[in-house]
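This report refers to the structure that appears directly beneath it.
In the text below, chain A, chain B and the rest are named by the order of the sequence lines, each starting its count at 1. Bear in mind the structure is a predicted one, so any value in this text is a computation, not a measurement.
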Amino acid sequence: MFLETYRQIEEALRACTGEEAVELMDGGEHADFATTIAFSLAKKQRKSPMAIATDLAVRLGESLADAGITVETKGPYINFHVSAAYVEEAVREALKPGYGELPARTERVVLEHTSANPNGPLHVGHIRNSIIGDTLARCFRKAGYPLEVEYYVNDMGRQIAIVSWGFDHVPKERLDGEKEDHHIARVYIAANREIEKDPAITGEVDRLMQLIEKGDPATQKKFREVVSHCLEGFKVTMGNLNVVHDRFVWESDFVRNGDMDRVIERIERLPEAKHEGTLSVDLTECGFEKDYVIRRSDGTSVYAARDLAFHTWKGRNFDRVIDVLGADHKLIASQLQCTLKLLGEKAPEIIIFEFVSLPEGSMSTRAGKFISADELVAEVTNKAFAEVSERRPELPQEKREEIARAVAVAAIRYDIVKISPEKSTVFDWKEALNFERQSGPYIQYSHARACSILEKAGAFDEAFTYTDEHEVALAKQIARFPAVVDQVVRELRPHLLATYARDLADQFNSFYRYVPVLKSEGETRASRLTLVKAAQNTLKESLETLGIDAISTM
RNA sequence: GGGCCUGUGGCUUAGCCAGGACAUAGCGCCGGGCUUCUAACCCGGAUGCCGGGGGUUCGAAUCCCCCCAGGCCCGCCA
């Protein structure tokens, strides 16, 4: 409803002004929509903005009358107001299961996120990647795109060689109840300590890397075991956070199937290729001073070569390629994009998120300086269980545990996704354990309140008469949801959905406070119950698109 | 030294790409609200030279330039 109305007004504006860019915006407290186009027209037409606005408003009013949109001016501002029919239609649409879904698209999208090195558990920085990526994935599905979500498994890196070396040379027994990825971290950290003590070990690690590149079966088997072991742990962590991947793509597969050699051959033939012992690409055209190295002088490939093969494959199998990457990948991601363009391949769209650090400094798996996602989930779940036990002591323990898990995921996911990716953050336990306003649980709570009203109401006939300002404001907020989904996938900014869901919960809570539902009667009661149902459904769909369980009681 | 990102009340943050009507909200602080649909809630109050300085514009948190501060990166690592 919102999108349709927005487009109707845009079109009327274009028709009435002859301008392409019509500057239609949210009217804030003044109106439902507004435009300041009179200012820019004033210069061209050498008339006062107010005179232009007044004149335009009359013509716009005529052309939008059929759509039930009224137009008025306030000085040079032109304001648009929607009708009661808009409000009614908005509520009607929001009652439908799956509300917010956009028409199906045919453009195939591949989205890569998380892809952390399997040398230790996912920490609070990695899951920023997972949560941004997974939320975006849910938005793409909601927006009607066929989507595949991939985890790129770096199984040929130096870190894996170190872990592999560690399994042969440092105490490696898995402790009782220790998760696989935490086990790997312990071995990795211990191996690094050995390397610090005795730099000669580096040579042994180098040899492992040469063996893996050559395809030595024993080394391959060992690397694969180590990596699979770690991934088992990752899958549990991500599962606990409602993060889902469709496919795990292994880096080494591109070496084995020949894709990497093929892309290297093509690079060798590029005019920008440089053969100076190493094989590298001159990227000055894209503004990079340093060459992009593809193959070492000893003939082995670097990460970039496999990455180029991987992205060539993605580009040929999908219409849109999106990667979610940490800020440390900014440069190499640009180099990758540039090289793919030189090769005539599709370059990925890249979403960069800035780093999460600890109050005492940056995180480091190697140094064992990190807060694991598992620890975070456990702590937040404990706090949530304590809260729910205090509020709802009558519930059976199992139910309280179930609610605590859902609340914990909501708190963690929302806390991360609500911040713009380009802000670097410092992890804060106090914030992580806060379930008050501007939190995931706050939105879940609004949903639970709506569910509670509906449960107590029993059956009712739908009705659509809204006069109270809180009713109308809530309905208008409900109407925006599909437009927000559309905006998220267009701009690749999932935090917009977080902001929207919070505003929706705010509107619902105001409505809840001022507008009695169960105590009202007749048509009014029916209309309000219908609105509560629409709000409940919209809250549910918003929460689920954020990867948060829309629980009905808490 | 160079590149990218960030700087908004005591703290966290929206708005910035597509410049307009009194800069968004939360935490904390002060005060109020549970015999009334779940108080993980709601209402009121105090707190801002939107990092600093120039410029463009009728109009700048938003665009341009310079400076300062913080983060990330600049490897035949990944």
Can you name the atoms? Protein N/O to nucleotides 74-78 of chain B N/O, anything below 3.5 Å, with the distance.
{"from": "C74(B)", "atom 1": "O2'", "to": "Lys290(A)", "atom 2": "NZ", "distance (Å)": "3.1"}
{"from": "G75(B)", "atom 1": "OP2", "to": "Lys290(A)", "atom 2": "NZ", "distance (Å)": "2.5"}
{"from": "C76(B)", "atom 1": "O3'", "to": "Arg296(A)", "atom 2": "NE", "distance (Å)": "3.4"}
{"from": "C76(B)", "atom 1": "O2", "to": "Ser297(A)", "atom 2": "N", "distance (Å)": "2.9"}
{"from": "C76(B)", "atom 1": "O2", "to": "Ser297(A)", "atom 2": "OG", "distance (Å)": "3.0"}
{"from": "C76(B)", "atom 1": "N3", "to": "Ser297(A)", "atom 2": "OG", "distance (Å)": "2.7"}
{"from": "C77(B)", "atom 1": "OP2", "to": "Arg296(A)", "atom 2": "NE", "distance (Å)": "2.4"}
{"from": "C77(B)", "atom 1": "OP2", "to": "Arg296(A)", "atom 2": "NH2", "distance (Å)": "2.8"}
{"from": "A78(B)", "atom 1": "OP1", "to": "Arg296(A)", "atom 2": "NH2", "distance (Å)": "2.9"}
{"from": "A78(B)", "atom 1": "OP2", "to": "Tyr303(A)", "atom 2": "N", "distance (Å)": "3.1"}
{"from": "A78(B)", "atom 1": "O2'", "to": "Asn117(A)", "atom 2": "OD1", "distance (Å)": "3.3"}
{"from": "A78(B)", "atom 1": "O2'", "to": "Asn117(A)", "atom 2": "ND2", "distance (Å)": "3.1"}

Selection from G20(B), C43(B), A14(B) that lies nearest to any side-chain heavy atom of Ser510(A): C43(B)
Nucleotide forming a Watson-Crick or wobble pair with A60(B), both distances under 3.5 Å: none
Quick one: which protein N/O atoms are closer than 3.5 Å to N/O atoms of nucleotides 34-36 of chain B? Pair and distance per line, please.
{"from": "U36(B)", "atom 1": "O2'", "to": "Lys519(A)", "atom 2": "NZ", "distance (Å)": "2.4"}

Passing candidate, ring pair (Phe, Tyr, Trp, His ring centres under 6.0 Å) with Phe2(A), options Tyr500(A), Phe481(A), Phe33(A): Phe33(A)
Show me the protein contacts with nucleotides 23-26 of chain B, counting only N or O atoms at under 3.5 Å.
{"from": "A25(B)", "atom 1": "O2'", "to": "Gln438(A)", "atom 2": "NE2", "distance (Å)": "2.5"}
{"from": "A25(B)", "atom 1": "N3", "to": "Gln438(A)", "atom 2": "NE2", "distance (Å)": "3.4"}
{"from": "G26(B)", "atom 1": "OP1", "to": "Arg437(A)", "atom 2": "NH1", "distance (Å)": "2.8"}
{"from": "G26(B)", "atom 1": "O4'", "to": "Gln438(A)", "atom 2": "NE2", "distance (Å)": "3.3"}
{"from": "G26(B)", "atom 1": "O2'", "to": "Arg437(A)", "atom 2": "O", "distance (Å)": "3.4"}

C1' gap between U8(B) and A25(B), integer Å: 12 Å
Watson-Crick or G-U counterpart of G7(B), or none if no pair lies under 3.5 Å: C68(B)
Residues Glu112(A), Lys314(A); criterion salt bridge (charged side-chain N to carboxylate O under 4.0 Å, His left out); working and verdict: CA-CA 10 Å; Glu112(A) 180 202 332; Lys314(A) 286 202 277 191; 2.8 Å; yes
For atom CD of Glu390(A) and atom P of C41(B), their distance in whole Å: 14 Å
Sugar-phosphate, base or nothing in reach of Thr553(A), heavy atoms under 4.0 Å: base
Separation between the P atoms of C11(B) and G52(B), rounded to whole Å: 14 Å
Geometric cation-pi criterion Arg224(A) and Trp250(A), 6.0 Å radius, 45° cone: yes
Between protein and nucleotides 6-10 of chain B, what N or O pairs are separated by less than 3.5 Å?
{"from": "G7(B)", "atom 1": "OP1", "to": "Lys423(A)", "atom 2": "NZ", "distance (Å)": "3.1"}

Distance in Å, Asp282(A) CG paired with Lys290(A) NZ, rounded so as to fall on 0.5 Å steps: 14.0 Å
Check residues 406-423 of chain A and write down every donor-acceptor pair under 3.5 Å in which the side-chain atom is one partner and the other belongs to a residue at least two apart or another chain.
{"from": "Arg413(A)", "atom 1": "NE", "to": "Leu546(A)", "atom 2": "O", "distance (Å)": "2.9"}
{"from": "Arg413(A)", "atom 1": "NH1", "to": "Asp134(A)", "atom 2": "OD2", "distance (Å)": "3.0"}
{"from": "Arg413(A)", "atom 1": "NH1", "to": "Leu241(A)", "atom 2": "O", "distance (Å)": "2.8"}
{"from": "Arg413(A)", "atom 1": "NH1", "to": "Asn242(A)", "atom 2": "O", "distance (Å)": "3.2"}
{"from": "Arg413(A)", "atom 1": "NH2", "to": "Asp134(A)", "atom 2": "OD2", "distance (Å)": "2.8"}
{"from": "Arg413(A)", "atom 1": "NH2", "to": "Thr135(A)", "atom 2": "OG1", "distance (Å)": "3.3"}
{"from": "Arg413(A)", "atom 1": "NH2", "to": "Leu546(A)", "atom 2": "O", "distance (Å)": "3.2"}
{"from": "Tyr414(A)", "atom 1": "OH", "to": "Ala498(A)", "atom 2": "O", "distance (Å)": "2.5"}
{"from": "Lys418(A)", "atom 1": "NZ", "to": "Gln438(A)", "atom 2": "O", "distance (Å)": "3.3"}

Atom of His126(A), atom of Ala116(A) and distance for their closest heavy-atom approach: CD2-CB, 3.7 Å
Side-chain N or O of His495(A) closer than 4.0 Å to phosphate OP1/OP2 of G15(B): yes
Test item: Met363(A) and Ser357(A) side chains (from C-beta on) under 4.5 Å apart, heavy atoms: no
Please output the side-chain donor-acceptor pairs of residues 427-436 of chain A that fall under 3.5 Å, not counting sequence neighbours, one pair per line with the distance.
{"from": "Asp428(A)", "atom 1": "OD1", "to": "Lys430(A)", "atom 2": "N", "distance (Å)": "2.9"}
{"from": "Asn434(A)", "atom 1": "OD1", "to": "Glu436(A)", "atom 2": "N", "distance (Å)": "3.0"}

Sugar-phosphate only, base, or nothing, as touched by Val532(A) at under 4.0 Å among non-hydrogen atoms: nothing
Base-pairing mate for G44(B) - Watson-Crick or G-U, with both contacts under 3.5 Å: C30(B)
Integer-rounded Å distance: A21(B) P and Glu72(A) CD: 16 Å
Distance-minimising heavy-atom pair for Leu496(A) and Val484(A): O-CG1, 4.0 Å
Salt-bridge contact Glu401(A)-Lys399(A) (side-chain N to carboxylate O under 4.0 Å): no
Euclidean distance for P, C5(B) against C66(B) (whole angstrom): 14 Å
Spacing of the C1' atoms in A61(B) and G51(B) (rounded, Å): 12 Å
Atom pair CG/NE2 of Leu376(A) and His123(A) - distance to nearest 0.5 Å: 12.5 Å
Salt-bridge criterion met for Lys330(A) and Glu354(A) (N-O under 4.0 Å): yes
Passing candidate, side chain to side chain contact (heavy atoms under 4.5 Å, CB included) with Phe223(A), options Val163(A), Leu211(A), Ile212(A): Ile212(A)
Separation of the C1' atoms in G48(B) and G26(B), to the nearest angstrom: 16 Å
Gap in Å between the two C1' atoms, one belonging to G10(B) and one to A46(B), rounded: 13 Å
Gap in Å between the two C1' atoms, one belonging to U6(B) and one to U62(B), rounded: 15 Å
Distance-only polar pair, side chains of Asp506(A) and Tyr442(A), donor-acceptor under 3.5 Å: yes
With Phe508(A), the side chain to side chain contact (heavy atoms under 4.5 Å, CB included) member among Arg513(A), His447(A), Arg449(A): Arg449(A)
Sugar-phosphate, base or nothing in reach of Asp415(A), heavy atoms under 4.0 Å: nothing
Listed nucleotide nearest any side-chain atom of Tyr77(A), set G20(B), C17(B), A39(B): G20(B)
Sugar-phosphate only, base, or nothing, as touched by Arg493(A) at under 4.0 Å among non-hydrogen atoms: base
Per Lys430(A) side chain, nearest of listed nucleotides A14(B), C58(B), C27(B): C27(B)
RNA chain B: 5'-proximal contact among Tyr514(A) and Glu387(A) (nearest heavy atom): Glu387(A)
Sugar-phosphate only, base, or nothing, as touched by Ser552(A) at under 4.0 Å among non-hydrogen atoms: base
Complementary nucleotide of C37(B), counting Watson-Crick and G-U pairs under 3.5 Å: none
Pairwise P distance for G19(B) and A60(B), with rounding to whole Å: 13 Å
Sugar-phosphate, base or nothing in reach of Phe39(A), heavy atoms under 4.0 Å: base
